[in-house]
Undergrad: 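Take this structure first; my questions come after.
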Amino acid sequence: MALVSFTSIPNCPSSSRFSYGSTQLPFNLITKCELNTNGGSQKLEIGSPIIVIESPKLLKTAASVPCLRPNVGSVKPGDVGRIVSRKPMDVWAVRLSIGTYLIDRKYFKPLELDE
């Protein structure tokens, strides 16, 4: 989760990482405040199983020439898949039973398997 703000240092939690703006200014501004929200959750990596928690409105195929189309019930909450690769902006290529799609991280969570 990345938040961009121009606030003073006390407004960001002590567990976050800071990036400071230009030092030519008479004072320093925070230009980026990243919060670590992974707390103890399972880390996503290639091959990790996932479960869809919310159906995306649009689906984009992960082909070399991607196709964007409305989701008309193809991907539903509860569908299970595997991570194929990671793309910029927290988008992941996920292989589902109906194909491989680029899905934003907010639409799925890691599937916790009991071994």
Side-chain angles (χ1 to χ4, degrees):
M1 174 182 210
L3 302 173
V4 178
S5 64
F6 293 98
T7 59
S8 61
I9 291 175
N11 291 341
C12 285
S14 60
S15 65
S16 60
R17 294 182 296 170
F18 298 102
S19 297
Y20 292 94
S22 172
T23 57
Q24 297 172 349
L25 297 173
F27 52 89
N28 289 330
L29 292 176
I30 297 175
T31 57
K32 185 175 175 184
C33 178
E34 293 182 22
L35 300 176
N36 184 7
T37 60
N38 291 339
S41 64
Q42 183 180 0
K43 182 178 176 183
L44 284 178
E45 52 190 33
I46 297 192
S48 296
I50 60 100
I51 186 165
V52 177
I53 56 174
E54 180 183 344
S55 61
K57 293 180 182 174
L58 296 172
L59 291 176
K60 188 173 193 178
T61 60
S64 58
V65 180
C67 176
L68 183 67
R69 62 182 79 160
N71 182 9
V72 290
S74 301
V75 176
K76 303 175 285 300
D79 287 350
V80 176
R82 287 206 178 264
I83 300 290
V84 175
S85 66
R86 182 172 184 176
K87 304 296 182 185
M89 301 295 294
D90 208 20
V91 173
W92 299 77
V94 177
R95 179 175 304 270
L96 300 166
S97 61
I98 59 168
T100 304
Y101 295 96
L102 299 176
I103 301 178
D104 194 355
R105 173 69 173 90
K106 66 183 176 183
Y107 295 113
F108 64 88
K109 68 177 183 177
L111 180 63
E112 297 174 7
L113 300 174
D114 293 331
E115 295 183 30

Undergrad: Rounded to the nearest 0.5 Å, how far apart are CZ of Arg95 and OG1 of Thr100?
TA: 3.5 Å
Undergrad: Check whether Ile98 and Val94 end up in the same hydrophobic cluster, where Ile, Leu, Val, Met, Phe, Trp and Tyr are linked by side-chain heavy atoms less than 4.5 Å apart.
TA: yes
Undergrad: Asp104 versus Pro56: any side-chain heavy-atom pair under 4.5 Å?
TA: no
Undergrad: Nearest 0.5 Å, what's the NZ-CG distance between Lys109 and Leu44?
TA: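 Atom-to-atom, Lys109:NZ and Leu44:CG are 12.0 Å apart.
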Undergrad: Ignoring hydrogens, what is the shortest heavy-atom contact between Ser55 and Asn71? Give both atom names and the distance.
TA: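 Closest heavy-atom pair between Ser55 and Asn71: CB-ND2, 3.8 Å.
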Undergrad: Is it the case that Arg105 places NZ or CZ above or below the six-membered ring of Phe108, under 6.0 angstrom from the centre and within 45 degrees of the axis?
TA: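 Cation-pi check for Arg105 and Phe108: passes.
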Undergrad: Is a side-chain N or O of Thr61 found less than 3.5 angstrom from the main chain of Tyr101, in a donor-acceptor match?
TA: no
Undergrad: Could you tell me the separation between the CD1 atom of Ile103 and the CG atom of Leu58, rounded to the nearest 0.5 Å?
TA: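 If we round to the nearest 0.5 Å, Ile103:CD1 and Leu58:CG are 12.0 Å apart.
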Undergrad: When rounded to the nearest 0.5 angstrom, what is the spacing between CG in Leu111 and CD1 in Ile53?
TA: 12.0 Å
Undergrad: Cut-off 3.5 Å, no hydrogens considered: what does the side-chain donor-acceptor table look like for residues 75-91, sequence neighbours left out?
TA:
{"unit_1": "Asp79", "atom_1": "OD2", "unit_2": "Lys76", "atom_2": "N", "d": "2.9"}
{"unit_1": "Arg82", "atom_1": "NH1", "unit_2": "Gly47", "atom_2": "O", "d": "2.5"}
{"unit_1": "Asp90", "atom_1": "OD1", "unit_2": "Trp92", "atom_2": "NE1", "d": "3.2"}

